[in-house]
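Small disclaimer: the values here were computed from a predicted structure and weren't measured.
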Amino acid sequence: MVDYEIINLQREYDVSMTDRFYSEILVPCFGKLPEELEDLTVMHQQLSTTNKDPSAEYILYVIVVKSTETADLLAGVCCEYYLRSNRGLVSYIATDPWFDTRGKGFGKILVDQAVAALQAEAYKRDHADGCNGIFCETNTDAVSADRDVMLPARRRAILQEFGFRCCKFDYVQPALGPGMEPCRTLYLGVLDAFLLASTNGIGRERVVESWRLATFLRDFFTVLMGSEGIEQDEDAVRQLRWLEAHAFIEVHDFSDKD
């Protein structure tokens, strides 16, 4: 039995705890994939200042699990609410790789915390039905086991248990900052609350409406590269054009090893 508390660093910003979360959890889990890891200074700037700016394009949440016995940080999640599109992104979810968290339920607890935070942001802005989409990112099998703390297939199966389904869509995440490369080894997942029954007559198939992704990606890409960059970036243009040409996107069922 582990006694713990949930700390929301968006509401209770703490420089030291943010540093610890980044160095003790994010870097060990994502440090071998530098194109996936946002810079710590960006995280500090967003939590300390930009989140409170009326012109902010997105709101960052960092929510951590802290042991009340040892003060160790055991797990954490980052999520972002995008104001223009009324969409949410769960960008990181990870546990301390040096602490055995199996069976503790921290992953599900943190996903629930993230979804609740994103929905609260939507309600606060008078979106009566909440977010118009909540997404996540997770590695494809192109990421080898020696570059990840968990087999990508295992992580996808866990995320599906938490309610996310990976889209059958050729997703490329733009560079997260200057000097960084786009990431071509990610699936974009969608929370199953935003899925519809398939229109192809196969009862167990599920789909997501393309406009939900398109509106989010245009907003997300604008934050990362600017509105002019979207029109010039080949990956962004390709993805948005594909979504315009397809009304629905199928999703993988990784519980069946799709």
Side-chain angles (χ1 to χ4, degrees), residues 25-26 29-30 33 36 61 63 65 74-81 87-97 100-119 130-145 147-173 183-214 216-217 220 239 243 246 248-258:
I25 295 181
L26 288 187
C29 290
F30 298 97
L33 299 159
E36 293 185 14
Y61 278 81
I63 303 170
V65 178
L74 307 177
V77 64
C78 299
C79 63
E80 301 154 11
Y81 174 77
R87 305 295 199 275
L89 175 68
V90 178
S91 49
Y92 303 105
I93 180 166
T95 60
D96 183 339
D100 185 4
T101 59
R102 289 175 296 181
K104 305 296 190 300
F106 293 151
K108 184 64 166 65
I109 289 168
L110 287 170
V111 166
D112 289 347
Q113 290 277 330
V115 170
L118 295 169
Q119 295 287 29
C131 292
N132 280 333
I134 296 178
F135 304 94
C136 74
E137 297 169 325
T138 189
N139 287 331
T140 69
D141 291 331
V143 175
S144 59
R147 298 185 68 209
D148 202 340
V149 294
M150 181 186 297
L151 285 172
R154 176 59 182 152
R155 180 178 283 110
R156 294 194 300 269
I158 291 173
L159 284 170
Q160 184 161 316
E161 291 175 6
F162 295 164
F164 284 98
R165 298 287 290 270
C166 293
C167 298
K168 295 182 179 180
F169 172 68
D170 188 11
Y171 173 61
V172 177
Q173 180 200 71
C183 187
R184 304 179 184 278
T185 56
L186 291 172
Y187 281 112
L188 187 65
V190 59
L191 194 66
D192 59 13
F194 301 98
L195 296 179
L196 301 174
S198 174
T199 59
N200 64 8
I202 302 174
R204 73 186 192 91
E205 290 295 322
R206 306 286 297 285
V207 297
V208 59
E209 297 155 300
S210 293
W211 65 269
R212 292 190 186 275
L213 268 71
F216 165 66
L217 290 183
F220 183 41
Q239 291 174 85
L243 290 168
H246 298 80
F248 301 98
I249 305 168
E250 294 181 354
V251 295
H252 293 279
D253 182 356
F254 284 117
S255 65
D256 290 339
K257 297 184 169 59
D258 185 352

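Annotation: the span from Thr138 atom OG1 to Phe164 atom CZ amounts to 10.5 Å, rounded to 0.5 Å. Between the CG atom of Leu89 and the SG atom of Cys78 there is a distance of 10.0 Å, given to the nearest 0.5 Å. The line from CD1 of Ile93 to NZ of Lys108 is 10.0 Å long, rounded to the nearest 0.5 Å. The distance from the CG atom of Leu188 to the SG atom of Cys136 is 7.0 Å, given to the nearest 0.5 Å. The CZ atom of Arg212 sits 8.0 Å away from atom CZ of Phe135, with the distance rounded to the nearest 0.5 Å. Of the inter-residue distances, the one linking Phe220 atom CZ with Glu80 atom CD reads 6.5 Å to the nearest 0.5 angstrom.
Contact check for Leu159 versus Val90: no side-chain heavy atoms found under the 4.5 Å cut-off. Side-chain contact check for Phe248 versus Glu209: some heavy-atom pair is nearer than 4.5 Å. The shortest distance between side-chain heavy atoms of Ile249 and Leu243 falls below 4.5 Å. Glu36 places a side-chain heavy atom less than 4.5 Å from the side chain of Thr185. No side-chain heavy atom of Asp170 sits less than 4.5 Å from a side-chain heavy atom of Gln239. Using a 4.5 Å cut-off on side-chain heavy atoms (C-beta onward), Ile25 and Thr95 make no contact. Residues Leu110 and Ile63 are in side-chain contact: their nearest non-hydrogen atoms beyond the backbone lie under 4.5 Å apart. For the pair Asp141 and Arg156, the minimum side-chain heavy-atom distance is below 4.5 Å.
When all heavy atoms are compared, the tightest approach of Lys168 to Val251 is CE-O, 3.6 Å. Gly133 approaches Phe194 most closely through the heavy-atom pair N-CE2, 3.6 Å. The two atoms that bring Cys29 and Ala94 nearest to each other are SG-CB, 3.7 Å, heavy atoms only. For Leu186 against Thr140, the heavy-atom pair with the smallest separation is C-CG2, 3.6 Å.
Inspection of the Gln160 and Asp192 side chains reveals no N or O donor paired with an N or O acceptor under 3.5 Å. With hydrogens and angles left out, the side-chain atoms of Glu137 and Tyr171 include a donor and acceptor closer than 3.5 Å.
In this view, Tyr187 and His252, Phe254 satisfy the ring-ring contact (aromatic ring centres under 6.0 Å, His included) rule, not counting sequence neighbours. Every residue two or more places apart in sequence or in another chain was checked for a ring-ring contact (aromatic ring centres under 6.0 Å, His included) with Phe162, and none qualifies. Listed by chain and number, the residues in a ring-ring contact (aromatic ring centres under 6.0 Å, His included) with Tyr81 amount to none (sequence neighbours excluded).
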Test side chain to side chain contact (heavy atoms under 4.5 Å, CB included) on Gln119 and Ile134 and set out the steps. CA-CA 9 Å; Gln119 295 287 29; Ile134 296 178; 4.1 Å; yes
